[in-house]
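Note sheet for the following structure.
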Protein chains: 2
Amino acid sequence: MPPDDPNPGKPAVVSHGPMADELGFHLRCAQLAAFKHFAHAVGAVEGITPGLYGMLQAIDNNPGLSQSALAVAMDVDRSSIVKVVDRLEGKGLIVRDASPTDRRRYRLHMTATGARALRRIQDAVIRQDRVFSARLDDTERATLIALLTRLYRPDSETPTARAGIGAES
Amino acid sequence: MPPDDPNPGKPAVVSHGPMADELGFHLRCAQLAAFKHFAHAVGAVEGITPGLYGMLQAIDNNPGLSQSALAVAMDVDRSSIVKVVDRLEGKGLIVRDASPTDRRRYRLHMTATGARALRRIQDAVIRQDRVFSARLDDTERATLIALLTRLYRPDSETPTARAGIGAES
DNA sequence: AGAAAAAGTTTGTTGGAGCAACAATTGGAA
DNA sequence: TTCCAATTGTTGCTCCAACAAACTTTTTCT
């Protein structure tokens, strides 16, 4: 116990003051908790991160995607994609398929084992997601998703479809 | 335009498939957007990150905090705190005050300029936070904060007070 | 044909976050 | 008291993610 603690009975913990009214603060805390939960429940088993999982989903739902398009979709630099694709390809989850019409381009595809792994991981993620949000009933959960979506997606056309990255190319 | 694109008219963008129903995904997207918004609106001006801002608030709201307590509160390693405190002290925002009763410990305090800077930054953050959540009315905003809070804080005693880090020391 | 742009890659840098080890100091147990 | 364990701050190291710049090859535009 700290000798300088003026109130030994109180929690002696950081009060976050005016940040309690800032949405960004709670967003940060919740996302941090979600990340930890993910890492513990899925990452420890499958050796994957939310980012990698998102990339796998992007490739699976958009076969033949180019690395640049994936970079735009994931909102990271092209050069950052290389290592990721290397890793996923090294694990045998995806393949770099040479485009027959554009010899610069690779078409990213899932392998059979990759598709199987993704299905397995996805089940784990969905299960983990439900555990993480267990304190919310279905209505609250849907409300939360809707509100979050309106935060980061200016146009809320289809509630459950594409995301807010435009790579019409 | 990619020669392999089967539908040149459509957005040709990543559909995120089943992730649309995962709360963690939307949490991640929203937090990423909030971080970027923060960096653009506040970080570019004050040269600060949400994490640094949180530390400043923690020190300001808990004067005399030790570095270890700050580390626990911020949920990072003690060694990571050193560089941060170095930076904040180098900027003249805080000071390492030697504890008179425990010669190992430093008591972190805001300087006058630090307190002034924090007030200025806080105003910018609050303004930025309102802009970021402009698509939500007050009720929706409060609902969102309440739902987020229940995600990462198991015990929801006071709705607007301390946060979920326990450092009873 | 020649310039401009795009796709993928390499290299280097930055920054954050963690772990292990350390000196100084404090607290408790024998 | 003496000695051992725990705590505090610190340094050094590693790892990893992300960006920027430069470069090669290829395609597209003029």
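Lettering of chains follows the sequences in order, A, B, ..., and the numbering in each one begins at 1.
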Checklist entry - Quick one: Y106(B) OH to dT26(C) P, roughly how many Å, whole number? => result 13 Å
Checklist entry - Once you round it to whole Å, what is the distance between C1' of dG16(C) and CZ of F35(B)? => result 11 Å
Next on the checklist: At less than 3.5 Å, do the side-chain atoms of R104(B) and the base atoms of dT7(D) form a donor-acceptor pair?
Outcome noted: yes
Checklist entry - Reckon Q67(B) has a side-chain N or O less than 4.0 Å from the OP1 or OP2 of dT7(D)? => result no
Checklist entry - Just how far is it from atom OG1 of T49(A) to atom CE of M55(A), taken to the nearest 0.5 Å? => result 8.0 Å
Next on the checklist: Side chains of S68(A) and S66(A) only: does a donor on one sit below 3.5 Å from an acceptor on the other?
Outcome noted: no
Checklist entry - When every nucleotide of nucleotides 11-22 of chain D is labelled 5' to 3' by its protein contacts under 4.0 Å (heavy atoms), B for base, S for sugar-phosphate only, - for none, what sequence of letters results? => result B-----SBBB--
Next on the checklist: Any side-chain N or O of R96(A) below 4.0 angstrom from OP1/OP2 of dT9(C)?
Outcome noted: yes
Checklist outcome for this item: From the candidates dG9(D), dT26(D), dT10(D), the one with an atom nearest any side-chain atom of D102(A) is dT26(D)
Item to check | Parallel, tilted or perpendicular: ring planes of Y152(A) versus H26(B), cut at 30 and 60 degrees | outcome: tilted
Next on the checklist: Rounded to whole Å, how long is the line connecting atom CD1 of I81(B) with atom C1' of dC19(C)?
Outcome noted: 16 Å
Checklist entry - Does T113(A) use its side chain to pair, donor to acceptor, with the backbone of G92(A) at less than 3.5 Å? => result yes
Next on the checklist: In this structure, how many angstroms lie between the C1' atom of dG9(D) and the CG atom of L108(B), rounded?
Outcome noted: 11 Å
Item to check | From CZ (R153(A)) to CG (L148(A)), nearest 0.5 Å | outcome: 11.0 Å
Next on the checklist: Side chain of R103(A) only, heavy atoms from C-beta on: which candidate in dT9(C), dT27(D), dT25(C) is closest?
Outcome noted: dT27(D)
Next on the checklist: Without decimals, in angstroms, what is the distance between L70(B) CG and dT10(D) P?
Outcome noted: 12 Å
Item to check | Nearest-0.5 Å distance that lies between atom CG in D137(A) and atom CD in E140(A) | outcome: 4.0 Å
Checklist entry - Do the side chain of T111(B) and the main chain of G114(B) share a donor and acceptor less than 3.5 angstrom apart? => result yes
Checklist entry - Which whole-number value in Å describes the distance from R105(A) CZ to dA5(C) P? => result 17 Å
